[in-house]
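A quick write-up on the structure given underneath.
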Amino acid sequence: MKRKMVLLVEDNIQVMKNNTTALEMNGAVVLQATSLSQARALMDGTAPDAAVIDIMLPDGSGIDLLRTMRAGAWRDVPVLLLTAKGDPEDIISGLEMGADDYLPKPYDLNVFEARIVALLRRSSRLPSTLRCGGLCLDIASNTAHYNAENLHLTQKEFSLLLLLAQNLQHPMAAGVLYEKVWGKALLYDNTSALRIQMSNLKKKLAAVTEEVIIESSRGEGYCLTVM
């Protein structure tokens, strides 16, 4: 069985050592980089099966590296972000750019191992495009078209539509959608943000087709149906 390959981008030598040991104990081959420049130099080679990226690096932000990955050949690599302060803005930016998970420092190595194993357990990587009938979502460019007509979605509208399309005909709870797109828990005082984005998304879909419908129901959330 082929060993999984993980890119580890971390400038703290001790953290790099600990994480490398944890990954190797789980059978992974580790590619190490201590800066953005080193990580980008590795991007000419074979894409890893997963990446662990520290947000705070000596020559910039790990989110910049994530942005580069999502725009290129490594767009489908699952990414775990590490953040020293658990800053909400960093977390939200990372999730909006396509990070799969995040872990605030300091963390328990057992938790780190569990998160990585979960990423590596995926049987296949996400495609660069997702099609549902005439609806086409380009994950690399964050654009959506219906029969070649651009829907002109905002980042949050696209993220919501992608989540619904990935769970086609299965309701998604409002709290789950909000946490994945906004990066924080859905509370009573921020429910309007989700409703507004969903309303705008429904209007943009209705303007081009009657065959793509987002239904909402109290207690179940939102569901995408393509006729």
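Values reported hereafter were calculated over all heavy atoms of this structure, with side chains retained and with hydrogens, waters and symmetry mates removed.
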Spatial distance of atom CG (Asn19) from atom CG (Leu109) [nearest 0.5 Å]: 6.0 Å
Of all heavy-atom pairs linking Val77 and Pro48, the shortest is CG2-O, 3.6 Å
Tightest non-hydrogen contact, residues Lys202 and Ser216, listed as NZ-OG, 3.5 Å
Grab the two heavy atoms, one from Leu120 and one from Ala50, that are nearest each other, plus how far apart they are. CD2-CB, 3.8 Å
Taking C-beta and beyond as the side chain, do Leu80 and Phe112 meet within less than 4.5 Å on heavy atoms? yes
Checking Arg115 side chain against Tyr102 main chain: does a donor-acceptor pair fall under 3.5 Å? yes
How close do Thr143 and Phe158 get, heavy atom to heavy atom, and via which atoms? O-CE1, 3.3 Å
Applying side chain to side chain contact (heavy atoms under 4.5 Å, CB included) between Lys4 and each of Val30, Leu23, Asp49, report the one that passes. Asp49
Asp59 side chain to Leu36 main-chain N or O, any donor-acceptor pair under 3.5 Å? yes
Can Val117 be reached from Val29 by stepping across I, L, V, M, F, W or Y side chains whose heavy atoms are under 4.5 Å apart? no
Is there a donor-acceptor contact under 3.5 Å from the side chain of Asn167 to the main chain of Leu163? yes
Leu135 vs Leu130 side-chain heavy atoms within contact, under 4.5 Å: no
Report yes or no: do Met172 and Leu168 belong to one cluster of Ile/Leu/Val/Met/Phe/Trp/Tyr joined by side chain heavy-atom distances under 4.5 Å? yes
Is it the case that the side chain of Glu157 and the backbone of Thr154 share a donor-acceptor pair, with hydrogens and angles ignored and the cut-off at 3.5 Å? yes
Should Lys204 and Glu149 count as an ion pair when the cut-off is N to O under 4.0 Å? no
Could you check whether Thr191 and Arg195, counting side-chain N and O atoms only, form a donor-acceptor pair closer than 3.5 Å? yes
What I'd like to find out is whether the side chain of Met43 reaches to under 4.5 Å of the side chain of Trp74, using heavy atoms alone. yes
Whether the Thr34 and Glu10 side chains hold a donor-acceptor pair (N or O, under 3.5 Å, no angle test) is what I'd like checked. no
Assess whether a salt bridge exists between Asp100 and Arg70, defined as any Lys/Arg side-chain N lying under 4.0 Å from an Asp/Glu carboxylate O. yes
Going by atom types alone, do Gln155 and Ser159 pair a side-chain donor with an acceptor below 3.5 Å? yes
